[in-house]
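Below: one structure, written as structure tokens.
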Amino acid sequence: MKSVKVVVVGAGVVGFSTAVCIAEAFPCCFVTLLAEKFSPDTTSDGAAGILFAAEFPDIPLVRQRRWFKDSFDHLLAIAQSQYSPEAGVMLSSGWQIFKKIPDDWKPFWSEFVIGFRLMTDRELKRFPDHKFGQAFTTIKCECLSYLPWLQKRFRKAGGQVQQRKVNSLQELSDSYDIIVNCSGLGSKGLVGDTEVYPVRGQVLKVEAPWLQHFIRDGDGKTYIYPGMHSVTVGGTRQEGDWRLQGDEEDTKGILARCSRLEPSLSKAKVLSEWVGLRPCRRNPRVEWELVQLQGRRVPVIHNYGHGGWGVTLAWGTALDTVGLVRQCLQEMPLQAKL
Ligand code: FAD
């Protein structure tokens, strides 16, 4: 019998991954997902969805490695299954190129992607401004398909979904035993986190079916990611910029930079333009606390602040929240209800 009520706030890739993992792991929990915005209107929907990551400064590397590996293995299984087209998850091979050799030339995730190696001089000849490169196969996870697919999986596990803006956690404390906060940038208002801030990203979708390999400049600002139906080209990284409308200068800059890397792009038709705000933080917040709400101490589990790596790390951090829910169930008086 379902006797513990869990609410997950947020319907981006982090919220839905977390909700699915909790609903599938705990048959005793009745899980509801609440969010102001759903696909196709979340930040996650516009992300290129390429899997690799940067290192967060204060999180033990062993934990970051586990987040990456768990996410990669989960998505690889989907990419190699009959669910791949519906879920929008595919393998993607290509190059990350650098103007000078980076200090971290063999990143922590290099052993989890497929076939990581350094580029040969012959391969680098295509990129005369760049001196160094990495070649590997990773995954592209397109949230426009993946989020509806996760939503179906969540409902199958008994989960319920409601559209609603939550103004304060107090609103939830009467109806739920455990609150899971996956509200991304919304955590600034919802839990008063002053450490989370936006990094604006603008991307374009172009029609260039002849492009099969991704190309990413190691500066993180210029990239070309072929996907299932179009090619995502980008981008920008504008810290503290809350503008959600497209910027013409940014569009021109993106097309100029990407065409320099891949000249055939100057022939591609631009299909759409999109802006999203990365929910950045020095480190993602994946932890739980007891919060006094309406005279009661309620366990609140946080899972947000993934910055430019939310698609990459969502499944891994969602599995961590499963561990945190287990801890809450063991330590809280609510266990009497089980
Ligand atoms: P979101 O997708 O923003 O979802 C937040 C959810 O919380 C929404 O449903 C929202 O409505 C809800 N919410 C917020 N506040 C409230 C409230 N008060 N009440 C109710 N609901 C609330 N990541 C990668 O790994 N690979 C990439 O290639 C990549 N490319 C990117 C390219 C661009 C241009 C951008 C902008 C981002 C990119 N990212 C990429 C980063 C990725 O998009 C984010 O890390 C990820 O989307 C964060 O997911 P989230 O679920 O935390 O947040």
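Source: prediction; values computed, not measured. Start at 1 and go down the list; that is how both ligands and their atoms are numbered.
Nearest-residue assignment for atom 22 (C) of ligand 1 (options Q202, R237, K188, E36; heavy-atom criterion): E36. With R216, K37, Q163 as candidates, the residue nearest to atom 9 (O) of ligand 1 on a non-hydrogen basis is K37. Nearest residue to atom 50 (P) of ligand 1 from V14, L277, T138 is V14 (criterion: closest heavy atom). Summarising the contacts of atom 29 (C) of ligand 1 with C143, A47, G10, A35, the nearest heavy atom is found in A47.
Ring to ring, H302 and W288 are not that close: their centroids are 6.0 angstrom or more apart. Residues F72 and W67 place their aromatic rings such that the two centres sit no closer than 6.0 Å.
In this structure, G49 counts as a contact residue of ligand 1, since one of its heavy atoms falls inside 4.0 Å of the ligand. The shell of residues lying under 4.0 angstrom from ligand 1, judged by heavy atoms, excludes G46. Not a single heavy atom of Y304 sits under 4.0 Å from any atom of ligand 1. For the ligand labelled ligand 1, residue R200 lies outside the 4.0 Å heavy-atom shell.
Neither I114 nor W95 shares a network with the other; the hydrophobic side chains, linked directly or stepwise wherever heavy atoms of I, L, V, M, F, W or Y lie under 4.5 Å apart, form separate groups for each.
When atom types are taken as modelled, the side chain of Q330 and the backbone of Q327 share no donor-acceptor pair closer than 3.5 angstrom.
At the top of the distance list for atom 2 (O) of ligand 1, counting protein heavy atoms only, stands S44 OG, 2.5 Å. Closest to atom 37 (C) of ligand 1, if we only count protein heavy atoms, is R278 CG, 3.6 Å. Nearest non-hydrogen protein atom to atom 48 (C) of ligand 1 is P279 CG, 3.8 Å. Of all protein heavy atoms, the one lying nearest to atom 30 (N) of ligand 1 is A48 N, 3.3 Å. In this structure, the protein non-hydrogen atom closest to atom 16 (C) of ligand 1 is S183 CB, 4.1 Å. Nearest to atom 23 (N) of ligand 1 among the protein's heavy atoms is G308 O, 2.9 Å. Of all protein heavy atoms, the one lying nearest to atom 19 (N) of ligand 1 is V166 N, 2.8 Å. Distance from atom 41 (C) of ligand 1 to its nearest protein heavy atom, with residue and atom name: G307 O, 3.3 Å.
Atom OG of residue S93 and atom CD of residue Q212 lie 10.0 Å apart, to the nearest 0.5 angstrom. Rounding to the nearest 0.5 Å gives a distance of 9.5 Å between CZ of F132 and CD of Q96. Annotation: the span from D217 atom CG to C258 atom SG amounts to 9.5 Å, rounded to 0.5 Å. Between the CD atom of E24 and the CZ atom of F26 there is a distance of 12.0 Å, given to the nearest 0.5 Å. Separating the CZ atom in R117 from the CE atom in M119 is a distance of 8.0 Å, to the nearest 0.5 Å.
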Review item, side-chain donor-acceptor pairs of residues 40-60, under 3.5 Å, at least two apart:
| residue | atom | partner | partner atom | Å |
| --- | --- | --- | --- | --- |
| T42 | OG1 | S44 | N | 3.3 |
| T42 | OG1 | D45 | N | 3.3 |
| T42 | OG1 | D45 | OD2 | 2.7 |
| S44 | OG | V13 | N | 2.9 |
| D45 | OD1 | S39 | OG | 2.7 |
| D45 | OD2 | D41 | N | 3.4 |
| D45 | OD2 | T42 | N | 3.0 |
| D58 | OD1 | R282 | NH2 | 3.2 |
| D58 | OD2 | R282 | NE | 2.7 |
| D58 | OD2 | R282 | NH2 | 3.4 |
| D58 | OD2 | N283 | ND2 | 2.8 |

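Heavy-atom proximity to A11, at under 4.0 Å, picks out these atoms of ligand 1: 6 (C), 8 (C), 9 (O). For ligand 1, the atoms closer than 4.0 angstrom to any heavy atom of G276 are 36 (C). Using a 4.0 Å cut-off to heavy atoms of I50, the atoms of ligand 1 that qualify are 24 (C), 25 (O), 26 (N), 27 (C), 28 (O). If you number the atoms of ligand 1 from 1 as listed, the ones under 4.0 Å from a heavy atom of G186 come out as 14 (C), 15 (N). Atom numbering of ligand 1 starts at 1 in the shown order; those under 4.0 Å from a heavy atom of K165 are 19 (N), 20 (C). Within the listing of ligand 1, atoms 2 (O), 9 (O) sit less than 4.0 angstrom from a heavy atom of T42. Taking every heavy atom of V203 and a limit of under 4.0 angstrom, the matching atoms of ligand 1 come to 34 (C). Listed by number with element, the atoms of ligand 1 under 4.0 Å from a non-hydrogen atom of R164 are 20 (C).
Looking at ligand 1, you'll find an N or O of V13 within less than 3.5 Å of one of its N or O atoms. Among the atoms of T312, some N or O lies under 3.5 angstrom from an N or O of ligand 1.
A donor-acceptor contact closer than 3.5 angstrom is absent between the side chains of R66 and Q64. Looking at T317 and N303, their side chains do bring a donor and an acceptor atom within 3.5 Å of each other.
Other residues, nucleotides and ligands contribute more than 12 heavy atoms inside 6.0 Å of the NZ atom of K188. More than 12 heavy-atom neighbours from other residues, nucleotides or ligands sit within 6.0 angstrom of CD on Q292. Shown here is R297, whose CZ atom has no more than 12 heavy atoms of other residues, nucleotides or ligands within 6.0 Å.
At a 4.0 Å heavy-atom cut-off, ligand 1 touches W274 through the side chain alone.
Using a 4.5 Å heavy-atom threshold, the side chains of I215 and H213 count as separate.
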